[in-house]
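Within every chain, numbering begins at 1; the chains are lettered A, B, ... in the order of the sequence lines, protein sequences first and strands thereafter.
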Protein chains: 2
Amino acid sequence: MAKDTKVRILNAAETLFAEQGYAQTSMRTITARADVNLASVNYHFGSKKNLIQAVLKRYFDLLMPQVDEALLTVQPRLGAQGVEAVLAALVPPMMTLSQFRSNGTEIFVQLLGRGYNETQGHLRRFIMNGYGETVGNLVAAIRACLPQIPDQQIFWRLHFAIGSFVFSMASSKALKEIAAADYHQQVEIADVINNLVPFVAQGIAGSPVAPD
Amino acid sequence: MAKDTKVRILNAAETLFAEQGYAQTSMRTITARADVNLASVNYHFGSKKNLIQAVLKRYFDLLMPQVDEALLTVQPRLGAQGVEAVLAALVPPMMTLSQFRSNGTEIFVQLLGRGYNETQGHLRRFIMNGYGETVGNLVAAIRACLPQIPDQQIFWRLHFAIGSFVFSMASSKALKEIAAADYHQQVEIADVINNLVPFVAQGIAGSPVAPD
DNA sequence: GTCTATAGATCGATAGAC
DNA sequence: GTCTATCGATCTATAGAC
């Protein structure tokens with residue numbers, strides 16, 4: 001074995017899952033890319049479902065402790081500036097994923113987007129079960145910036161924000177191609193995030209919506 | 001035949017596609033739900049791919065002319081208010097889809113979200129080929145509100161906005177359940193959209209981002 | 001741990017009778 | 001137009017030799 005078979009499978013799987021989606025990626029494609037035997041996935045991971053979770057876990061275990069730490073350093077401020085500060089604090093932890101793996105940041109967010117759309121709630125439970133405390137810390141930090149916004153509306157806005165994030169990454173390949181063709185702009189993941197953070201911060205911090 | 005077989009298939013297919021995604025929905029599931037014979041899909045539509053397009057076309061042909069008309073009635077205004085006015089003008093056309101079909105608005109947006117994530121650019125081409133003019137009108141209306149924002153940044157923000165929209169609809173079932181459990185709130189599609197429009201308008205109209 | 005071979009299921013599509 | 005029957009391809013998962 002050149003390198004650990006388990007790691008070779010994880011590396012091949014995460015790339016393919018991010019590019020094509022979970023259901024569209026077969027074990028045959030994964031094992032061919034990883035240059036390992038077809039049966040080894042089931043030997044090492046038990047099933048395709050477990051492999052998907054193992055791929056995600058590798059990233060979350062790296063990211064979430066950094067997020068916890070980063071949230072502690074944020075200077076509390078009210079309003080859109082405060083929200084933007086919280087979101088900006090998430091960027092460096094996200095970026096470290098590309099040190100762990102080439103294009104790691106992009107791959108991770110694409111996996112997130114795929115997971116939300118394909119796995120019918122499994123991903124959500126996986127996150128809340130394993131990393132619910134970190135998620136809670138993040139939500140609390142944002143809520144603290146917006147004492148005048150009702151919890152319900154913060155709830156909605158956070159999900160809209162996740163949508164912006166996840167969608168733009170899931171279709172980042174197409175977006176990059178369009179940006180290159182129409183604006184002759186070489187797009188990096190950092191550019192996307194730099195545009196995304198203020199967009200989302202503005203949306204989250206907007207005036208409360210009148211109740212129905 | 002009770003009702004036209006073709007319509008029975010379209011009705012069954014759109015619901016299942018929206019709930020489970022295109023790839024995850026088999027022709028057997030569709031024909032069982034529609035209570036028609038398995039072979040009838042290929043007889044009437046030729047292939048599964050054509051069926052997907054036919055499902056989308058039914059909605060777009062209903063929606064897009066209304067969008068064109070609605071855009072003509074918008075009072076041009078600068079800034080976030082102008083953007084919000086443009087977006088608000090899209091809401092009534094979207095809502096008419098629920099007259100055409102029960103839960104039509106929700107189904108349509110879910111189909112959009114699924115399409116963007118699953119069909120690797122096919123949906124985008126389908127839209128731009130068939131309805132590119134309407135899309136162009138919409139983009140122009142928003143651009144006119146924001147003369148100080150570079151085109152590149154409007155491009156990004158519009159895609160973030162699409163992401164918010166599409167994601168929140170694609171996971172609207174889960175979001176509704178959470179909202180009901182945590183906030184004892186009965187959520188309708190209109191509630192989601194009423195929260196979404198100002199969120200997106202704020203994000204789109206924010207100050208320009210400093211160039212890299 | 002790694003491999004071959006294959007079981008067992010499901011899929012889209014179609015031929016051909018009615 | 002509708003049906004049955006089935007082809008051929010593809011998938012995950014596993015049994016069993018090495």
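In this structure, the CG atom of A:N50 is 11 Å from the P atom of D:dT14, given to the nearest Å. A straight line from CG of A:L38 to C1' of D:dT10 spans 12 Å, rounded to a whole angstrom. Straight-line distance from the NZ atom of B:K49 to the C1' atom of C:dC11: 16 Å, rounded to whole Å. Nucleotide C:dT2 holds its C1' atom 13 Å from the CG atom of A:D4, rounded to whole Å. Protein atom CG of B:N42 is 5 Å distant from nucleotide atom C1' of C:dA13, rounded to whole Å. Atom P of nucleotide C:dC11 and atom CG of B:L51 are separated by 15 Å, given to the nearest angstrom. One atom, CD of B:Q24, and another, P of D:dC11, lie 14 Å apart when rounded to the nearest Å. Nucleotide D:dA13 holds its C1' atom 12 Å from the NZ atom of A:K48, rounded to whole Å.
In this structure a side-chain-to-backbone donor-acceptor pair under 3.5 Å is missing from A:R101 to A:Y59.
Closest to the side chain of B:Y43, from the set C:dT2, D:dT2, D:dA13, is D:dT2. For B:A39, the listed nucleotide lying nearest its side chain is C:dT14; candidates were D:dA13, C:dT14, C:dC11.
Between A:S26 and D:dC11, a side-chain N or O to OP1/OP2 separation shorter than 4.0 Å is present. Contact between the side-chain N/O atoms of A:N37 and the OP1/OP2 oxygens of C:dT4 is found at a separation under 4.0 Å. Under 4.0 angstrom from either OP1 or OP2 of C:dT2 there lies no side-chain N or O belonging to A:S40. Note on A:T5: a side-chain N or O is less than 4.0 Å away from OP1 or OP2 of C:dT2.
Among the heavy atoms of the strands, none lies under 4.0 Å from A:T29.
Ring centroid separation for the pair B:F60 and B:F108 comes in under the 6.0 Å cut-off. Ring centroid separation for the pair B:F165 and A:F167 does not come in under the 6.0 Å cut-off.
Taking a 6.0 Å sphere around CD of B:E133, one finds it holds 12 or fewer heavy atoms contributed by other residues, nucleotides or ligands.
Ring-plane geometry between B:Y22 and B:F17 is classed as tilted, the angle between the planes lying from 30 to 60 degrees on a 0 to 90 degree scale.
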